Amino acid sequence: MTTTCPECFETVTAPAEPVLHEILECAECRGELEVVSTAPLLVALAPEVAEDWGE
Amino acid sequence: MTTTCPECFETVTAPAEPVLHEILECAECRGELEVVSTAPLLVALAPEVAEDWGE
Amino acid sequence: MTTTAAVIGGSGYIGGELVRLLLGHPEIDLTTVTSARLAGRPVDTAHPNLRGRTRLTFTDPAALSGADVLFVAAPHTETMALVPRLLDRGKVLLDLSGDFRLRDPLVYREHYGVEHAAPDLLESFTPGIPELYRDRLTGADRISVPGCMATAAILAVHPLAADGLIDGEVAVDARTGSSGSGARGGPGDAHAERSGAMRVFAPLRHRHQAEITQATGHPCRMTATGVEAVRGVQVLCRARLRDGAGPREVRDAYRRAYAAEPFVRIVAQRRGTFRLPDPKILAGSNFCDVGPVVDRGDGWVTAVGALDNLVKGGAGNAVQCLNIRMGWPEEFGLGFTGLHPV
Amino acid sequence: MTTTAAVIGGSGYIGGELVRLLLGHPEIDLTTVTSARLAGRPVDTAHPNLRGRTRLTFTDPAALSGADVLFVAAPHTETMALVPRLLDRGKVLLDLSGDFRLRDPLVYREHYGVEHAAPDLLESFTPGIPELYRDRLTGADRISVPGCMATAAILAVHPLAADGLIDGEVAVDARTGSSGSGARGGPGDAHAERSGAMRVFAPLRHRHQAEITQATGHPCRMTATGVEAVRGVQVLCRARLRDGAGPREVRDAYRRAYAAEPFVRIVAQRRGTFRLPDPKILAGSNFCDVGPVVDRGDGWVTAVGALDNLVKGGAGNAVQCLNIRMGWPEEFGLGFTGLHPV
Amino acid sequence: MTTTAAVIGGSGYIGGELVRLLLGHPEIDLTTVTSARLAGRPVDTAHPNLRGRTRLTFTDPAALSGADVLFVAAPHTETMALVPRLLDRGKVLLDLSGDFRLRDPLVYREHYGVEHAAPDLLESFTPGIPELYRDRLTGADRISVPGCMATAAILAVHPLAADGLIDGEVAVDARTGSSGSGARGGPGDAHAERSGAMRVFAPLRHRHQAEITQATGHPCRMTATGVEAVRGVQVLCRARLRDGAGPREVRDAYRRAYAAEPFVRIVAQRRGTFRLPDPKILAGSNFCDVGPVVDRGDGWVTAVGALDNLVKGGAGNAVQCLNIRMGWPEEFGLGFTGLHPV
Amino acid sequence: MTTTAAVIGGSGYIGGELVRLLLGHPEIDLTTVTSARLAGRPVDTAHPNLRGRTRLTFTDPAALSGADVLFVAAPHTETMALVPRLLDRGKVLLDLSGDFRLRDPLVYREHYGVEHAAPDLLESFTPGIPELYRDRLTGADRISVPGCMATAAILAVHPLAADGLIDGEVAVDARTGSSGSGARGGPGDAHAERSGAMRVFAPLRHRHQAEITQATGHPCRMTATGVEAVRGVQVLCRARLRDGAGPREVRDAYRRAYAAEPFVRIVAQRRGTFRLPDPKILAGSNFCDVGPVVDRGDGWVTAVGALDNLVKGGAGNAVQCLNIRMGWPEEFGLGFTGLHPV
Ligand SMILES: NC(=O)c1ccc[n+]([C@@H]2O[C@H](COP(=O)([O-])OP(=O)(O)OC[C@H]3O[C@@H](n4cnc5c(N)ncnc54)[C@H](OP(=O)(O)O)[C@@H]3O)[C@@H](O)[C@H]2O)c1
Ligand SMILES: NC(=O)c1ccc[n+]([C@@H]2O[C@H](COP(=O)([O-])OP(=O)(O)OC[C@H]3O[C@@H](n4cnc5c(N)ncnc54)[C@H](OP(=O)(O)O)[C@@H]3O)[C@@H](O)[C@H]2O)c1
Ligand SMILES: NC(=O)c1ccc[n+]([C@@H]2O[C@H](COP(=O)([O-])OP(=O)(O)OC[C@H]3O[C@@H](n4cnc5c(N)ncnc54)[C@H](OP(=O)(O)O)[C@@H]3O)[C@@H](O)[C@H]2O)c1
Ligand SMILES: NC(=O)c1ccc[n+]([C@@H]2O[C@H](COP(=O)([O-])OP(=O)(O)OC[C@H]3O[C@@H](n4cnc5c(N)ncnc54)[C@H](OP(=O)(O)O)[C@@H]3O)[C@@H](O)[C@H]2O)c1
Ligand SMILES: [Zn+2]
Ligand SMILES: [Zn+2]
């Protein structure tokens, strides 16, 4: 099963039977993608862990 | 005798009897100023020695 | 009669710098330095440069009794919960976190990702920027010191903004050393990873841009890159000059703005190795060096600013604000001029 | 049958890098390396990393006899006098100086401050940018390799420009290590002065901006800062997206432009320590890493580029161009992938 | 037919260097790289320099099936429990930890503070020092690669010891970069703490001194200091020359010992900037540079050694040992010569 | 009534540091700073950290009129010709070069390679080491400040030597930053060459060893290595304890020697990141940190010393000596405590 990464628009391949709230990693941008729907397969970007410099 | 620095517009003080082509240094921007006229006192900016990085 | 002071968050990098400066301040008696993690242990455990200079030990924050002046150097988003409980522990409170810098709680949420916990207090804080708000600081009991990169950019741009010499947006390209992220680093802060890096950690919308906009009145587009340095911030700020403004107006604006400022130097020279502001020679000092360069061809100005993020970008600036607030000479505790070479 | 090669200006930093790469090139026989200053002395006198790898000694430039391929790594403004005399000494000539990069002699004079000495030759040079001009390079006998910061910026911006995704000017903020100024430094290059510096040595109108404009078709406003590094260039390039262009179009443009490129990697990740291009991990490698970041809010794009100024920013790029010209595999001599940590 | 290889501990610094070298090795097919922490994620997550060079993902160590050659790059004191379980997973095993370097389990306990868990295996390991044990390595199925500082010191001192030119104890003063402590740093490894440090982390009895004694036959007194560098080890080894030994005997001993060695260079020059071994120009290369200096006045010798701790001090040396074991050219996979400047 | 002071050699690194310290000294009026090269130009031309702190300009050395106190910071072998002409220009003269440090002109010739030009003056100088010769300094009109590495080693070893705890030779392994070679560097001092180096520039018989022997009474064997740092010297001094001397005697000796010293700290801790002396946290400060480590097994002691070569290793030590000579508080002008992190 595949879908598109909302960050970089690369094709993301999910396991055969994706589970709701499972976290996938996009191979291109390495973003963490949360499975928000399984049929159809939809993923959402998990929040980015920002670095906290220069405060 | 004074004039104005063409780079930073600060007042530049020349020696009592400035000589043509004499080099003064502006106290503010440290530019080298060449005396191009003595009466009236006029100065021009000598070329900047640039650094030559990143070629 | 000396004034007592306490540092909350005293084991961190800003806390340590506050301790260093306050120990050398002729009017201050530093009585309390807090750390939960190191409670009971000597202050020089965290700050080995202070060996032989103090016998203070860390106090648990919970055990803080109070002091005339409180410096709060705790993490943002946590500080807004702390401050309400601290207000009655001191006469003057200076916060160094980001929590009380932005007047508008919506802007806070946009940049910090959480709801502000004490929005009613926001208006009661005076921005800790002596060069812009010296008068207000003389009467301020709550002072919010701006961010390190924000301070550099605000001071670099302020003369242009105040004199109305620029139009539209200011683009800020900031570079910072590793101490900017504090003493509690993650894996990316390990020496082998961070050394020699040029790490664009904020390619857009760094939080400090909201502070710059608030202080200068100009929209701001900001990037931030970690470069090889422990201390030090440098900003390059670009803006379009309005019609009629040229090199002369720009130079005049800087001179007027900073002629009498003890801690801002105009550095824009045509010769020598240090022609424009470079934080290399500012480590430990409270100077912010600023220098404008005008492109005579196309009417843009680039203003460079540099400072030590822990001093003028934090602890030193806080001490300067306090000096103003107390009517003390502004240089008290801030006499160190920086080193060269270094 | 191997191809013979000579390096003119072989005692410099670019020259040394050419020697390193050519010694490891399977099709090349490096026969001559020139230096007036060190004529007769072993090549490893200037390049101690090559100890045990070559027994070549430096040849006086005046004694150069010729070779199939000539690499010229001499100072700009001096090279334009050298090249005419070199043309009949080799079949293919690759120049690494700035003297044959700009097609228009007026633009040359504006940026180099002197009249061009061989304007008639300018049109005969093909720009050494494989990613833009691979086809032309297959037949080129005179190749002019672009400047280090220019290469980084051109490759960072090219997909946007080629697809017409941006409007107007590109602002380039470049940072560079100390090897960019070559082996003959002045007082400002001394370690005690340069170490840890953030030196805005070109606050405006750096020479490379003319190259960027020529290659991308966009006007360019460029600053350059020396930061703590020996090797390494990083550029931040900002431009406004034209209406209708967004993150998806931008990503697609980069993929299309660089999918088949052996030495350009797209680096724009959401996790990890090295999310955007950082020259730290590129020392010695021929990669140029590029990564775009789109501000979804306001429609600006920041494209980051990074490379090793002596490799993809100079010697390595020249070797890649030669490989294309000769029909050899493009990776020949360029297999080193870079180190981590470093 | 290629040989398959697996790296156990592939997410660490030594592991990453092994992956880099093995991907470039013409006889090796790297099939497995383990990490418990990053299992399933791409190998370039931990090693960003390998982007575009491999599509391998990390395997959980528990899921390791086997390979012709196993490289073990796991922490000491943990490796001795791993190895017994790994022995039947590969024909040849090379361990890079300290666990199988010392032949005597009592000496192990003295230096590592714990009882050895597999003392019976100790004798079955051949020390991975090509310059001393090349013959034994040709038939070795279990190879224990020495410590980085130990390798530098052993190679610096070996010619003196082998020729009986020195008496008594060898004093070793070692300096090391930050990658020597691996990817899992503590608070002291943070950039702001470690940058520019001169940290005497082992004022006496560094563990590697037992390895030096074992290989040279001389008692050893060793200190180790962390200095500013990511990669790189340098040792200064001092010993008293026995009567009758002087500069000529010393030079001869080094020439004899290393004339045919592909990865040891004798560097002891009287002119130039790099007169004695300096790890600065060795990053990424498999060279160990050594150079003796004799004090004609008092009959002491100082032997300097330098290498890249992750290459000749670890991963590269392991690959060299494997090349010997397999009868491949010793330089396979190790062609990178190092950079200058850098 | 203030005391006037002049700095001869004021454009150099030691000269600049003297200017920085003297400008902050409450009893001193700095009237003259000499430089032939920069005569007439502002002092901050050479020392950009002093911008805004002084309006002094450089005086040509030939035009020097005189001052109460003369600090001489000129190159060795040239200073011995200068000093005789300076003696009547000031009441107190402090020399920072090597020319008047060694009492014996033969030892001078051995280490400096030239005949001493003013041997009769040698005995008239008091060594500028407060910790050893404070009493003599109170009456001294000619003071010769020791070398930077010598000071670190002398202070590290002195308690052991004074209490007779060690036998025989002291081996000193010194590391130094790049400012130690002054502002007039050669090609080897260029950033690209010197950055990250570990350069054994004196594998034996460094000149400072004669000073160490003179001050401690022990023969000394010294090596010196340039490591990555601008400021900072660290020495590791190893010696054999005499029978009966152990950890307790050693600790006691240090405590006794330095209990009342304002600028020597004993640093030998068992926890934390900065356990032994590290010059990283001493930049700008006048501290010399010393710490002994005893090997309980074999009766050797390693004493570590660290300082800032331009401060306690030069300019700061000179100011401390003057304070003693004049009966001023010893800390005058020397209050800066050093930074962390940095
Ligand atoms: N670093 C800079 O350049 C810089 C510049 C300007 C402003 N700032 C701001 O200054 C603040 C401190 O920064 P830093 O770099 O010093 O960070 P840091 O090194 O991480 O130190 C944080 C300090 O806060 C304390 N702390 C943590 N949680 C606390 C809590 N809930 N209540 C009380 N104390 C708490 C810690 O004490 P424990 O020992 O108990 O953990 C530690 O002393 C931050 O808000 C930062 O944004 C930093
Ligand atoms: N450094 C970089 O990052 C970089 C990147 C891309 C392009 N470039 C360009 O590459 C060229 C070389 O740069 P570099 O950094 O290697 O400079 P460099 O280290 O100063 O070396 C210059 C070389 O040119 C030789 N040379 C000087 N004058 C000459 C003449 N009249 N005829 C022949 N040879 C002459 C010198 O040889 P002697 O021993 O005889 O003095 C030396 O080998 C420059 O044009 C530079 O702009 C540099
Ligand atoms: N660094 C040097 O300069 C150097 C030089 C020569 C030899 N060595 C030796 O080489 C070894 C690795 O050093 P390093 O610097 O690479 O350390 P490192 O960066 O900390 O890496 C350690 C590696 O071991 C893995 N690991 C940890 N516990 C394990 C276990 N129980 N079983 C299997 N794998 C385990 C880790 O994987 P996870 O991702 O699962 O945590 C990681 O991949 C050490 O023994 C070290 O002494 C190091
Ligand atoms: N650097 C250190 O860490 C350190 C530490 C302790 C002691 N020292 C000693 O201190 C002295 C100065 O060292 P430095 O590192 O500051 O050197 P430096 O940076 O090279 O400065 C030398 C200074 O001496 C002046 N000078 C040169 N020749 C002179 C002469 N014939 N008469 C008068 N002035 C002359 C130069 O002035 P111009 O502008 O006229 O050339 C310059 O101001 C040396 O003897 C050195 O050994 C150095
Ligand atoms: Zn993606
Ligand atoms: Zn001016």
Side-chain angles (χ1 to χ4, degrees), chain E residues 169 171 173 175-177 186-205 219 221 223 225-234 236 238 268 272-281 283 291-298 300-304 306 340-342, chain F residues 169 171 173 175-177 186-205 219 221 223 225-234 236 238 268 272-281 283 291-298 300-304 306 340-342:
Chain E
E169 180 179 276
D173 194 72
R175 304 89 189 260
T176 178
D189 293 308
H191 180 268
E193 302 295 326
R194 181 64 176 74
S195 170
M198 303 188 202
R199 191 184 299 166
V200 184
F201 65 94
L204 44 89
R205 299 185 172 236
R221 178 184 310 287
T223 70
T225 305
V227 299
E228 174 59 47
V230 171
R231 290 177 180 235
V233 155
Q234 186 187 51
L236 262 62
R238 264 151 298 182
T273 297
F274 292 83
R275 300 177 190 199
L276 286 166
D278 185 336
K280 174 179 162 74
I281 54 168
V293 184
V294 173
D295 190 331
R296 286 162 197 259
D298 70 357
W300 279 68
V301 61
T302 300
V304 183
H340 172 262
V342 71
Chain F
E169 181 180 274
D173 194 72
R175 303 90 189 260
T176 177
D189 293 308
H191 180 268
E193 302 295 327
R194 180 65 175 73
S195 170
M198 302 189 201
R199 192 184 299 167
V200 184
F201 64 96
L204 44 88
R205 299 188 171 236
R221 177 184 311 286
T223 70
T225 304
V227 299
E228 174 60 47
V230 171
R231 291 177 179 233
V233 155
Q234 186 186 53
L236 261 62
R238 265 149 296 180
T273 297
F274 292 83
R275 300 178 188 199
L276 286 166
D278 186 335
K280 174 178 161 77
I281 54 169
V293 183
V294 174
D295 189 330
R296 285 161 198 259
D298 69 357
W300 279 67
V301 61
T302 299
V304 183
H340 173 262
V342 70

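Bear in mind the structure is a predicted one, so any value in this text is a computation, not a measurement. Within every chain, numbering begins at 1; the chains are lettered A, B, ... in the order of the sequence lines, protein sequences first and strands thereafter.
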Where on [X] is there a heavy atom nearer than 4.5 Å to chain E: the side chain, the backbone, both, or neither?
{"X": "F:R275", "value": "neither"}
{"X": "F:V293", "value": "both"}
{"X": "F:P279", "value": "side chain"}
{"X": "F:D298", "value": "both"}
{"X": "F:F201", "value": "neither"}
{"X": "F:A192", "value": "both"}
{"X": "F:V230", "value": "neither"}

Open item on the list: Is the shortest side-chain heavy-atom distance between F:E228 and E:K280 below 4.5 Å?
Closed with: no
Open item on the list: For a 4.5 angstrom cut-off between non-hydrogen side-chain atoms, does F:P203 reach E:V304?
Closed with: no
Task: Interatomic spacing from CD in F:E193 to CG in E:D278 - rounded to 0.5 Å - done: 10.5 Å
Open item on the list: Pairing donors with acceptors under 3.5 angstrom, does anything connect the side chains of F:T225 and E:R175?
Closed with: yes
Open item on the list: Looking at every heavy atom in both E:V200 and F:L236, which two are closest together, and how far apart are they?
Closed with: CG2-CD1, 3.8 Å
- [ ] Give, as side chain, backbone, both or neither, the part of E:V227 having an atom under 4.5 angstrom from any heavy atom of chain F.
- [x] side chain
